[in-house]
Amino acid sequence: MAEANLFHGLRRAVLAEIASMAAAGELPPGLDTGRVAVEPPREAAHGDVTTNAAMVLAKPAARKPREIAEALVARLRALPHVTGAEIAGPGFINLRLADGFWRERLRVVLRAGTAYGRCDIGAGRAVNVEYVSANPTGPLHAAHARGAVIGDALANLLEVAGFAVTREYYINDAGSQVDTLARSAFLRYREALGEAIGKIPEGYYPGEYLKDVGQALAAKHGPALRDLPEAQWLETVKRFAVDALMAEVREDLRVLGVRHAVFTSERAMVESGGVERAVDWLKAHGDVYTGTLEPPKGKLPDDWEPRPQLLFRATRYGDEIDRPLQKSDGSWTYFANDIAYHHDKFRRGFAEMIDVLGADHGGYVKRMQAAVKAITEGKGALDVKLCQLVHLMDAGKPVKMSKRAGTFVTLRDVVEAVGKDVVRFIMLTRRNDQALEFDYAKVKEQSRENPVFYVQYAHARARSVLRHAAEELPGADLSAAGLASCDLAALQAPEELQVIKIMADWPRLVEGAAEAHEPHRVAFYLADLAAAFHGLWNRGKDDARLRFIQAEDRAGTLARLALVQAVALVAAAGLRVFGVEPVEEMR
RNA sequence: GCGCCCUUAGCUCAGUUGGAUAGAGCAACAGCCUUCUAAGCUGUGGGUCGGCGGUUCGAAUCCGCCAGGGCGCGCCA
């Protein structure tokens, strides 16, 4: 089978020519070619392929870029499929490839079918992607959807790139927030037993959703807990409430189409001695000491007093200050627990870890990366994807939310309003570290400006043509495999070749996006593919020769259907990375 | 006050890990189309890449300082 990423082969060909130039004495031997890039040029006008080889080699070879380029371009011109090679700018070499070469790429797409774009840069390495990890103190709200979708799409992308991915959710069920949850649930329990509880006091979770938990507690325990001192009901109620809310969270995630393979309980990890294990490990490596931190610069916390405490030597691993592991009451800080959690991930075989977190964790990244470096002796790597805010709008007006009043828009509200596929796609139309505007009205609009619609429409349009063709050409094999072996000579128009070139770039895009951990690149790719396909379609309006189905031209029709089939395949492959169902028709 | 992230066309955003004359969609302007296969098409104008320095063949991209916005700043998670 032909190599999916055609630029790999081209790069090898360029390097082979460089080697033979060295052998012929035209270049010094043993040059480092690591920085030689062979890629599509930014501008289509510059040809199909560009390489910076002459410029990169100029310095080590002590030659002028253009001199090297002259010699190299003559050799590249002789390569198979190369129809043009020229030197441009400061020493770029631009290549043009034969139309026939591109037509053959179409067969590569069709033969690979739904597997087109898969690659093996991951080589089966284990990667742990942790995402959502919201506190189990309430239903997921709209902002959680972004992290959920980014994490899920990134996991899909890494799978396509050949990694062994584990999707993980960290349940923060150990801290004081779940104590607050338990007290709030207990209040609702008393309410369910008929007591008038009045206004929910400050410091409790006011959300209506806790009424159900209170009802369920009352149904299970009757009045048995009501008159006990807190110490005797807290554990029971906490566990019950956390379980109930995690069930809600899982349901929210299911509605969004997000499924984690592993749920790790912070509490279970702490109770099993995970923190001691991790801290002892750090102690043994000299990364823990008892010391007193300088007060933070600027405004002091009201109750600041210098206090010796157990510290992690984060400065040794690139952080600004050393970080506390224990609170004043001797219990572990959240950070200590998180070190233990990442230690645990590493022990489970994950050297590569990705945490998808909210932007409010920004100040936390350096210390966690320092900790991962320490706890894995430099063998592990942690990438943190911070997700910026989502601004919910409706027709340009902000949707009102108040966390204090407990009136926030839930994830489920959003999914019910526009559908999971729209939520998923839109959440991926911006880089994770940029704020995103989510406008109910705009995301449902059926227009060029709405990328979900535009991309889905391209897929639906392609599928529609194939359905139509099946009626026009009874008995023809219009499957991808069948069309892969038809005569493609009719594909001559620049618009047709342009669509093929974009599809030929899909494997390269997957590699780059997977390496950079940037699923949003897929959204922009799909929009480009859709634009080229719609453009081709529109050209068929004025130029009948570009219409896909032409009764009097069976061979040409089959060739164009091969193109259409490939567009459907690639669009579907991209949408599946997003966990979005490609639609057969627009409704 | 300190740290992290962000700043690209009037607006919304890309920019392939340092490449060429910085791109796309809206909006604006100028035409076309009014019916086919499915909710239009073509063209034009628009930029100090927040600012100033530095690194080098080459910077939106890397480094330093400054400005503006967001987030965070021991005993919240």
Side-chain angles (χ1 to χ4, degrees), chain A residues 7 35 37 39-43 45-46 50 52 55-56 58-59 64-65 88-92 94 133-135 137 170 172-178 180 266 292-301 303-307 309 311 319-321 323-324 326-331 333-335 337-338 358-366 386 388-389 429-431 433-437 439 442 445-451 453-454 457 460-461 464-465 468-469 505 508-509 511-513 515-516 518 520-521 523-525 527-528 531 534-535 537-542 544 547-549 585-586:
Chain A
F7 294 94
R35 289 180 56 220
E39 46 189 22
R42 285 176 186 277
E43 267 184 76
H46 292 144
T50 188
N52 62 355
M55 289 182 294
V56 172
K59 197 171 219 181
K64 286 181 183 157
F92 289 100
N94 294 329
S133 298
N135 294 329
T137 54
Y170 184 45
N172 296 132
D173 52 2
S176 60
Q177 291 187 3
V178 284
T180 302
E266 178 184 8
T292 306
L293 283 177
E294 293 289 309
K297 299 273 177 1
K299 71 165 199 280
L300 281 182
D303 55 349
W304 172 268
E305 53 182 82
R307 189 200 319 276
Q309 56 190 157
L311 299 172
D319 199 1
E320 270 81 36
I321 56 170
R323 303 291 177 175
Q326 270 180 334
K327 302 179 195 172
S328 55
D329 66 359
S331 65
T333 59
Y334 179 78
F335 179 51
N337 289 359
D338 223 6
D360 54 339
H361 290 69
Y364 199 67
V365 174
K366 261 194 183 166
L386 293 178
Q388 272 295 345
L389 270 53
T429 53
R430 288 204 65 173
R431 298 168 47 118
D433 50 11
Q434 301 265 14
L436 174 118
E437 194 173 286
D439 191 308
K442 285 187 186 159
E445 204 170 275
Q446 302 211 333
S447 79
R448 172 86 175 82
E449 292 149 70
N450 180 356
F453 168 77
Y454 201 58
Y457 184 26
R461 192 170 240 181
S464 159
V465 171
H468 188 200
D505 204 35
R508 207 181 71 88
L509 186 113
E511 282 186 23
E515 262 166 15
E518 291 187 354
H520 75 275
R521 291 190 194 183
F524 289 92
Y525 172 84
D528 282 348
H534 289 308
W537 174 286
N538 287 323
R539 291 281 288 113
K541 283 183 169 177
D542 358 298
R547 295 189 174 200
F548 300 128
I549 300 169
E585 54 187 331
M586 305 306 293

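Note on naming: letters A, B, ... go to the chains in the order of the sequence lines (proteins, then strands), and numbering restarts at 1 for each one. What you see is a predicted model, and the numbers here were worked out from it, not measured in a lab.
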Item to check | Nucleotide pairing, RNA chain B (Watson-Crick or G-U, distances under 3.5 Å), in dot-bracket with [ ] and | | outcome: (((((((..((((.....[...)))).(((((.......))))).....(((((..]....))))))))))))....
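Of all non-hydrogen atoms in A:Val178 and A:Asn172, the two that sit nearest each other are CG1-O, 3.7 Å.
A:Asp439 has its CG atom 18 Å from the P atom of B:C11, to the nearest Å. Distance, A:Tyr364 OH to B:C76 P: 14 Å, rounded to whole Å. Note: CD (A:Gln434) to C1' (B:U12) measures 11 Å, nearest angstrom. If you take CG of A:Leu509 and P of B:A14, they are 15 Å apart, rounded to a whole angstrom. Between the C1' atom of B:C32 and the CZ atom of A:Arg539 lies a distance of 14 Å, rounded to the nearest Å. Atom P of nucleotide B:C2 and atom CD of A:Glu320 are separated by 13 Å, given to the nearest angstrom. Between the CG atom of A:Leu386 and the P atom of B:G72 there is a distance of 12 Å, given to the nearest Å. Between A:Asp433 atom CG and B:U7 atom P there is a gap of 8 Å when expressed in whole angstrom units.
Heavy-atom distances to RNA chain B give each of A:Lys327 and A:Gln309 a nearest nucleotide, and the one nearer the 5′ end belongs to A:Gln309. A residue-by-residue look at A:Leu293 and A:Val56 shows that A:Val56 has its nearest nucleotide of RNA chain B further toward the 5' end.
Within 4.0 Å of A:Thr50, counting heavy atoms only, lies at least one base atom of the nucleic acid. Within the nucleic acid shown, A:Lys64 has no heavy atom closer than 4.0 Å to any nucleic acid atom. Residue contacts shown for A:Phe524 are limited to sugar-phosphate atoms, with no base heavy atom under 4.0 Å away. Residue A:Arg431 is in sugar-phosphate contact alone, with no base atom involved, counting any heavy-atom pair closer than 4.0 Å across all strands shown. Nucleic acid contact for A:Pro90: base, since at least one base atom lies under 4.0 Å from a heavy atom of the residue. Base contact: A:Ser464 has a heavy atom under 4.0 Å from a base atom. A:Asn135 comes within 4.0 angstrom of the backbone, heavy atoms only, and of no base. Among the heavy atoms of the strands lying under 4.0 Å from A:Gly175 are primed sugar atoms or P, OP1, OP2 only; no base atom is included. Using a 4.0 Å heavy-atom criterion, one finds that A:Tyr454 contacts no nucleic acid atom at all.
Once rounded to the nearest 0.5 Å, the distance linking OG1 of A:Thr333 with CD of A:Gln326 reads 8.5 Å. Atom NZ of A:Lys327 is separated from atom OG of A:Ser176 by 6.0 Å, given to the nearest 0.5 angstrom.
Taking every side-chain heavy atom of A:Gln177 into account, B:A77 is the closest of B:U17, B:A77, B:C75. Relative to the side chain of A:Arg521, the nucleotides B:G15, B:A20, B:A77 differ in distance, and B:G15 lies closest. With B:A20, B:A38, B:G3 as the candidates, the nucleotide lying closest to the side chain of A:Lys366 is B:G3.
The salt bridge (charged side-chain N to carboxylate O under 4.0 Å, His left out) search around A:Glu437 returns none, not counting sequence neighbours. A:Phe524 meets the ring-ring contact (aromatic ring centres under 6.0 Å, His included) test with no other residue; sequence neighbours excluded. The salt bridge (charged side-chain N to carboxylate O under 4.0 Å, His left out) check on A:Arg547 picks up nothing, with sequence neighbours excluded. Partners of A:Glu445 according to the salt bridge (charged side-chain N to carboxylate O under 4.0 Å, His left out) rule, which considers only residues two or more places apart in sequence or in another chain, do not exist here. The salt bridge (charged side-chain N to carboxylate O under 4.0 Å, His left out) check on A:Asp360 picks up nothing, with sequence neighbours excluded. Remark: A:Gln434 pairs with A:Arg430 by the side-chain hydrogen bond (donor to acceptor under 3.5 Å, both in side chains) rule, at least two apart or across chains. Applying the side-chain hydrogen bond (donor to acceptor under 3.5 Å, both in side chains) criterion to A:Asn135, with sequence neighbours excluded, gives A:Gln177. Applying the side-chain hydrogen bond (donor to acceptor under 3.5 Å, both in side chains) test to A:Asp439 and every residue at least two apart in sequence or in another chain returns nothing.
Taking syn as a glycosidic angle within 90° of 0, B:U17 qualifies as syn.
Looking only at side-chain heavy atoms (C-beta outward), A:Leu436 and A:Thr429 come within less than 4.5 Å of each other. Proximity of A:Thr180 to A:Thr137: side-chain heavy atoms (C-beta onward) are nowhere separated by under 4.5 Å. Proximity of A:Asn52 to A:Arg35: side-chain heavy atoms (C-beta onward) are nowhere separated by under 4.5 Å.
Applying the 6.0 Å contact sphere to NZ of A:Lys442 captures no more than 12 heavy atoms from other residues, nucleotides or ligands.
At least one side-chain nitrogen or oxygen of A:Ser176 sits closer than 4.0 Å to the OP1 or OP2 atom of B:A77. Dashed line: the shortest gap from a side-chain N or O of A:Asn538 to OP1 or OP2 of B:G40 is not under 4.0 Å.
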What are the atom names and distances for every N/O pair under 3.5 Å that joins the protein to nucleotides 23-31 of chain B?
| unit_1 | atom_1 | unit_2 | atom_2 | d |
| --- | --- | --- | --- | --- |
| B:G23 | OP1 | A:Glu43 | OE2 | 3.1 |

For nucleotides 58-61 of chain B, tabulate all protein N/O to nucleotide N/O atom pairs closer than 3.5 Å, reporting atom names and distance.
| unit_1 | atom_1 | unit_2 | atom_2 | d |
| --- | --- | --- | --- | --- |
| B:A60 | N6 | A:Arg42 | NH2 | 3.3 |

Any N/O pairs under 3.5 Å between the protein and nucleotides 62-71 of chain B? List them or say none.
| unit_1 | atom_1 | unit_2 | atom_2 | d |
| --- | --- | --- | --- | --- |
| B:C71 | O2' | A:Ala359 | O | 3.1 |

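B:U42 sits 42 Å from B:C62 when the C1' atoms are compared, rounded to a whole Å. Straight-line distance between the C1' atoms of B:A14 and B:C49: roughly 13 Å, to the nearest whole Å. Taking atom C1' in both B:C65 and B:U55, one finds a spacing of 15 Å when rounded to whole Å. Comparing B:U7 with B:C52, their C1' atoms are spaced 16 Å from each other, to the whole Å. Nucleotides B:C5 and B:G50 are separated by 16 Å at their P atoms, to the nearest Å. Comparing the same atom, P, in B:U61 and in B:A20 gives a spacing of 12 Å after rounding to whole Å. Atom name C1', nucleotides B:C29 and B:A9: the rounded distance is 15 Å, in whole Å. Remark: the separation of the C1' atoms in B:G40 and B:U16 is 32 Å, to the nearest Å.
The side-chain tip of A:Arg323 does not point at the ring of A:Phe335 from less than 6.0 angstrom away and within 45° of straight on.
Salt bridge A:Asp433/A:Arg431: present, at least one basic N to carboxylate O contact under 4.0 Å.
The base of B:A20 sits within donor-acceptor range of the side chain of A:Asn94, with an N or O pair under 3.5 Å.
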